[in-house]
**Q** 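Quick one: structure below, then a few questions.
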Amino acid sequence: MYEGSKHTVKYDFKAVEAKWQKVWEDQHTFHAEIDHSKPKFYGLVEFPYPSGQGLHVGHPRSYTAMDIICRKKRLQGYNVLYPMGWDAFGLPTENYALKNHINPEIVTAKNVARFKSQLKALGLSFDWDREINTTDPEYYKWTQWIFLQLYKKGLAYKKETTVNWCTGCKVVLANEEVVDGCCERCHSPVVQRVKSQWMLKITAYADRLIDDLDQVDYLDRIKVQQRNWIGRSHGAEITFDTTTGDALTVYTTRADTLFGCTYMVVSPEHAYIDKWMKAGLIRNPEAITAYQEEAARKSDFERTELNKDKTGVKIEGVEAINPVNGKVVPIFISDYVLATYGTGAIMAVPAHDTRDWEFAKKFGLPIIEVVKGKTPSNLDEAAFTDVATGTLVNSGFLDGLSVEDAKEKMYAWLEENHKGGKKVNFKLRDWVFSRQRYWGEPIPMVYCEKCGWQPIPESELPLRLPEITDFEPGPDGESPLARHTDWVNTTCPCCGGPAKRETDTMPQWAGSSWYFLRYCDPHNTKELASKEALEYWSPVDWYNGGMEHTTLHLLYSRFWHKFLYDIGVVPTAEPYRKRTSHGMILGENGEKMSKSRGNVVNPDDIVNEYGADTMRLYEMFIGDFEKAAPWNTSSIKGCKRFLERIWALGDKIVEGEGVRPTIEATLHRTIKKVGEDIDSLKANTAIAQLMILVNTLYDNGGATREEFRTLLILLNPFAPHITEELWQQAGFPDQIAHTSWPVYDPAKCVEQTVEIAVQVNGKVKARLTVPTDIEQADAIARAKAEPAVAAALEGKTIVKEIYVKGKLVNLAAK
RNA sequence: GCGGGUAUGGCGGAAUUGGCAGACGCGCAGGAUUUAGGAUCCUGUGGAGCAAUUCGUGUGGGUUCGACCCCCACUACCCGCACCA
């Protein structure tokens with residue numbers, strides 16, 4: 001036994017973890033400063049919303065994975081920025097404050113303190129000197145500043161619009177926050193209301209938000225989801241004249257089917273209806289009005305639920321003329337046409353569109369075939385929608401063309417005849433940016449009777465929230481700020497006359513749309529971050545977060561970042577070079593963890609009972625990082641046992657210089673695998689390999705100092721406390737945090753001999769131990785000499801001999 | 001309906017991307033130690049069979065010397081979007 005070895009002290013994880021957490025805090029071990037002599041690495045995880053429930057066991061999954069990456073990068077000589085902060089504006093805190101008559105600021109401070117102590121207890125290597133909080137006026141000053149820049153560039157505007165209204169939260173929701181017609185947060189039904197709202201023109205960036213996905217390294221499913229959400233489609237606008245003299249424009253992706261249009265449909269909200277009503281052109285106004293009212297009463301949920309059965313009313317007295325053949329067709333209103341997409345009106349081609357087909361069947365409208373498939377289709381049973389194999393018929397100058405060619409020819413025809421032309425459309429809507437709530441960033445705008453909406457001067461930022469005690473929204477859903485006339489009444493920055501402040505606040509997503517920039521220079525009072533800091537740290541090299549933010553936070557922040565790039569504030573067009581996503585941690589029963597299901601695991605309990613290192617190790621060992629994984633308390637024991645074995649190995653230091661030959665290959669393979677696995681988010685197999693190494697060391701009576709040293713460094717990113725402690729106890733100099741990552745020698749990863757399988761016709765008949773570099777002919781000769789192989793070959797002729805180096809010999813015989 | 005994904009022991013999951021299926025861990029069984037329990041340490045552990053052997057990666061086919069992996073046709077479950085013209 002090595003004499004200088006310690007202890008036979010019990011592994012007291014509480015003492016060890018507290019000790020090293022204090023060292024890191026006192027020495028600011030993980031503080032990052034700009035250093036041009038090193039390559040930089042900016043690792044980012046989504047900052048949490050500091051809820052009253054405290055940390056969820058799901059949070060550390062993402063944080064630990066990135067912590068491991070960052071700790072390894074530091075050891076590899078990178079200058080690493082790994083920051084943390086608080087996304088603290090938002091409804092739950094406000095609702096809690098409302099119920100308990102406490103200022104949300106106080107609630108937030110309390111929750112942040114709890115979260116912070118929980119995160120520190122996990123030994124995450126955050127640079128706490130860069131901590132930020134979206135509710136800090138010194139932070140939201142810059143959120144407001146960005147809003148003013150958007151306004152100045154015409155990308156923020158106020159508009160009367162139908163909005164998603166949550167009947168529970170009494171607040172406007174973005175489309176992204178409505179799930180199944182209900183509020184994402186409180187699950188109350190969402191209805192449509194007309195309100196004047198601040199909007200952000202994210203649609204102006206729709207093309208770039210899609211196209212620039214090609215420049216970044218995001219998981220495919222993230223890219224696909226973003227593309228689908230933005231929903232770019234290529235088609236045409238076509239203008240139909242009507243018998244009233246108005247031109248009615250539709251959007252279609254199937255311009256090739258124009259000859260098959262047998263009627264048109266406009267949405268119940270279409271502007272022409274009111275116009276035609278007022279002009280007395282509609283002969284059945286009662287029926288039309290009744291239908292409009294019915295549609296307006298429906299929530300989104302009801303509208304989509306009723307989608308099996310089409311409803312609608314024919315507009316009597318107005319007809320349209322098909323521009324391509326002069327045919328007169330009727331016009332209907334129906335809520336299967338959405339006011340918010342395209343032009344709010346469609347040309348109906350029942351032969352080749354399922355929805356039009358259903359409507360035509362119900363209302364007895366003609367169905368004209370204009371695209372024929374290779375096999376005859378029965379249009380009495382269903383619409384024919386296969387664009388790949390169809391050929392145009394009954395379509396004049398398009399007859400005989402493929403769908404693709406017919407589209408192009410039709411686009412040209414439309415343009416020549418001034419009846420429309422090619423058009424790109426998006427599903428993406430502009431971002432509703434107003435919330436009638438207290439706990440958010442005040443929108444820095446004032447309204448003057450004379451001058452209209454005016455931005456407040458930048459010198460007045462931050463526009464602070466007034467301290468109030470009544471957080472209840474007004475009876476008509478107006479912001480609680482509206483009651484506070486001393487705050488609301490101000491002077492117009494333009495004319496100096498009386499004016500009123502905007503009382504709506506920004507949505508929760510505002511502060512998180514740029515927070516990663518603030519981390520680069522969090523204490524800057526003159527700019528949101530200095531050019532120097534942004535140029536050094538941007539872009540974020542690796543961002544990990546939840547899939548649930550793909551169409552919300554991730555899209556919004558890309559939009560803001562592109563805008564900031566356009567106005568010269570940030571140096572890159574995209575904020576994140578790489579984006580990955582972790583799976584959810586489920587309850588032991590395989591269901592989503594929730595209070596109501598009673599399957600919540602509290603991270604504090606795990607840290608108390610097993611320690612932070614065990615908790616970290618378990619969360620990484622639980623399974624494939626990208627997939628959901630059920631919690632399993634008894635599996636934690638395996639991770640604890642592993643650390644106990646590492647601890648005990650400190651007492652089993654054996655004599656010997658360097659690495660023993662029996663250990664060498666395993667050790668080098670472990671260095672290789674752990675490094676590669678960390679880089680590809682496979683901590684689970686990295687840990688398995690470390691376990692193999694430890695088992696090998698035990699089989700060999702313990703570890704030499706050199707072997708032990710390497711093991712401790714490799715394990716350090718996963719279990720930083722115990723490894724630092726053992727490092728110190730073994731008398732290695734300084735700390736692991738200041739040492740460097742080992743390098744493997746590829747030549748030493750291979751064993752001298754290897755066991756290969758010998759197969760006959762793909763079935764294993766024998767196993768051979770051969771030199772790793774054995775020649776094919778030798779291997780095959782030795783294989784044939786095996787009795788079991790010879791027996792299997794008895795009476796057969798070998799037709800093929802296969803040798804896979806280091807793996808197997810396969811003899812195909814007949 | 002559209003888009004994406006998944007399916008491997010009692011459980012969580014591995015498999016260098018076409019080369020010995022089940023690494024690693026949990027659990028379980030037997031043994032050692034212990035007054036006992038716990039902890040720890042050995043040994044074993046996909047199914048069937050005393051065995052040689054044989055069957056095994058959701059189902060059915062195919063390609064191949066060889067398939068969890070590739071192709072075709074299904075089934076089940078999960079996630080996202082959902083009348084987007």
Side-chain angles (χ1 to χ4, degrees), chain A residues 179-180 219-225 227-229 231-233 235 250-255 257 265 267 300 303-304 306-308 310 334-338 340-349 352-356 358-359 385 425-429 547-548 550-551 583-584 590 617-618 621-624 626-639 641-642 644-645 648 669 672-673 676 682 684-692 694-695 698 755-767 788 798-814:
Chain A
V179 175
D180 290 336
L219 291 178
D220 271 345
R221 58 195 172 121
I222 295 175
K223 289 191 183 183
V224 166
Q225 252 188 57
R227 283 195 192 102
N228 289 347
W229 187 264
R232 180 161 62 192
S233 82
V250 301
Y251 174 73
T252 179
T253 53
R254 292 298 304 276
T257 62
V265 188
S267 70
D300 262 10
R303 271 206 185 191
T304 50
L306 289 171
N307 77 31
K308 292 148 225 151
K310 297 275 183 288
S334 171
D335 64 4
Y336 88 86
V337 172
L338 306 177
T340 50
Y341 184 76
T343 62
I346 60 151
M347 64 175 214
V349 184
H352 306 294
D353 181 280
T354 308
R355 296 149 303 179
D356 296 345
E358 284 169 14
F359 191 87
T385 56
N425 242 316
F426 298 93
K427 285 194 215 173
L428 187 69
R429 302 268 76 86
M547 276 311 280
E548 69 275 19
T550 304
T551 54
M584 247 192 298
L617 213 52
Y618 173 64
F621 194 57
I622 195 167
D624 186 331
E626 284 183 35
K627 289 187 203 141
W631 189 266
N632 183 343
T633 305
S634 66
S635 287
I636 298 171
K637 285 187 205 149
C639 293
R641 250 175 235 166
F642 174 60
E644 299 271 11
R645 270 162 76 79
R669 272 207 298 265
K672 180 173 193 282
K673 183 148 181 68
E676 288 172 354
K682 291 179 187 295
N684 53 336
T685 47
I687 293 167
Q689 182 62 36
L690 285 164
M691 288 171 169
I692 291 170
V694 170
N695 291 343
Y698 266 91
E755 193 183 73
I756 64 169
V758 182
Q759 301 178 335
V760 176
N761 289 331
K763 303 231 176 203
V764 180
K765 295 294 173 192
R767 288 169 210 286
I798 295 174
V799 290
K800 199 166 182 183
E801 296 172 343
I802 294 114
Y803 171 65
V804 183
K805 192 170 186 292
K807 300 281 181 194
L808 55 72
V809 169
N810 188 14
L811 303 171
K814 270 184 192 163

**Q** Measuring to OP1 and OP2 of G25(B), would you say a side-chain N or O of N695(A) lies under 4.0 angstrom away?
**A**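 Indeed, a polar side-chain atom of N695(A) lies that close.
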**Q** Mapping V224(A) and S634(A) onto RNA chain B by nearest heavy atom, which one lands closer to the 5' end?
**A**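 Whichever sits nearer the 5' end wins; that is V224(A).
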**Q** Counting only Watson-Crick pairs (N1-N3 plus N6-O4 or O6-N4) and G-U wobbles (N1-O2, O6-N3), all under 3.5 Å, who is the partner of U34(B)?
**A**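 By the stated definition (distances under 3.5 Å), nothing pairs with U34(B).
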**Q** With both distances kept under 3.5 Å, what pairs with G1(B), Watson-Crick or G-U wobble?
**A**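 Paired with C81(B).
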**Q** Heavy atoms under 4.0 Å, any strand shown: does I692(A) hit a base, just sugar-phosphate, or nothing?
**A**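 Answer is sugar-phosphate: I692(A) comes under 4.0 Å of backbone atoms only.
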**Q** Within the 4.0 Å heavy-atom criterion, would you say V804(A) contacts the bases, only the backbone, or no part of the nucleic acid?
**A**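 Base contact.
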**Q** For R227(A), report the nucleic acid contact type (base, sugar-phosphate, nothing); a contact means any heavy atom under 4.0 Å.
**A**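 Contact class for R227(A): none.
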**Q** With a non-hydrogen cut-off below 4.0 angstrom, is S334(A) in contact with a base, only sugar-phosphate, or nothing?
**A**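 Since no nucleic acid heavy atom lies under 4.0 Å of S334(A), the category is nothing.
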**Q** Give a yes-or-no answer on whether the side chains of N632(A) and Y618(A) include a donor-acceptor pair shorter than 3.5 Å.
**A**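 Note: N632(A) and Y618(A) side chains miss the donor-acceptor criterion.
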**Q** Which part of the nucleic acid does A688(A) contact within heavy-atom distance under 4.0 Å: base, sugar-phosphate only, or nothing?
**A**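 Counting heavy atoms under 4.0 Å across all strands, the contact made by A688(A) includes a base.
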**Q** What's I622(A) touching, base or sugar-phosphate or nothing? Going by heavy atoms closer than 4.0 Å.
**A**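 Sugar-phosphate contact only - I622(A) comes under 4.0 Å of backbone atoms but never of a base.
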**Q** For the side chain of Q225(A), counting heavy atoms from C-beta on, which of G13(B), C41(B), G80(B) is nearest?
**A**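 Among G13(B), C41(B), G80(B), the one nearest the side chain of Q225(A) is G80(B).
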**Q** Could you check which of U6(B), C41(B), C81(B) has an atom nearest any side-chain atom of R645(A)?
**A**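 It is C41(B).
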**Q** Provide the Watson-Crick or G-U wobble partner of A15(B), both distances under 3.5 Å; none if there is no partner.
**A**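 Pairing partner: none.
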**Q** Partner lookup for A7(B), please. Criteria are Watson-Crick or G-U wobble with both distances under 3.5 angstrom; report none if nothing qualifies.
**A**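 Across all strands, the one nucleotide that pairs with A7(B) is U75(B).
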**Q** Strictly below 4.0 Å: does Y336(A) bring a side-chain N or O up to OP1 or OP2 of A85(B)?
**A**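 No, because none of the side-chain N or O atoms of Y336(A) sits under 4.0 Å from OP1 or OP2 of A85(B).
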**Q** Any side-chain N or O of R641(A) below 4.0 angstrom from OP1/OP2 of G25(B)?
**A**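 So the side-chain polar atoms of R641(A) never come under 4.0 Å of the phosphate oxygens OP1 or OP2 of G25(B).
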**Q** Which pair of non-hydrogen atoms, one from S267(A) and one from V337(A), has the smallest distance, and what is that distance?
**A**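 Taking S267(A) first and V337(A) second, the nearest heavy atoms are CB-O, 3.2 Å.
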**Q** Does a side-chain N or O of N684(A) approach OP1 or OP2 of A14(B) to a distance below 4.0 Å, or not?
**A**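 Answer yes for this pair, as a side-chain N or O of N684(A) is under 4.0 Å from OP1 or OP2.
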**Q** Could you state the CG-P distance from L808(A) to G18(B), rounded to the nearest angstrom?
**A**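 It is 15 Å, rounded to the nearest whole Å.
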**Q** Round to a whole Å and report the spacing from CZ of R221(A) to C1' of U6(B).
**A**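 Checked: the CZ to C1' distance equals 11 Å.
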**Q** Does OP1 or OP2 of A85(B) have a side-chain N or O of S233(A) closer than 4.0 Å?
**A**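 The answer is yes; a side-chain N or O of S233(A) sits under 4.0 Å from OP1 or OP2.
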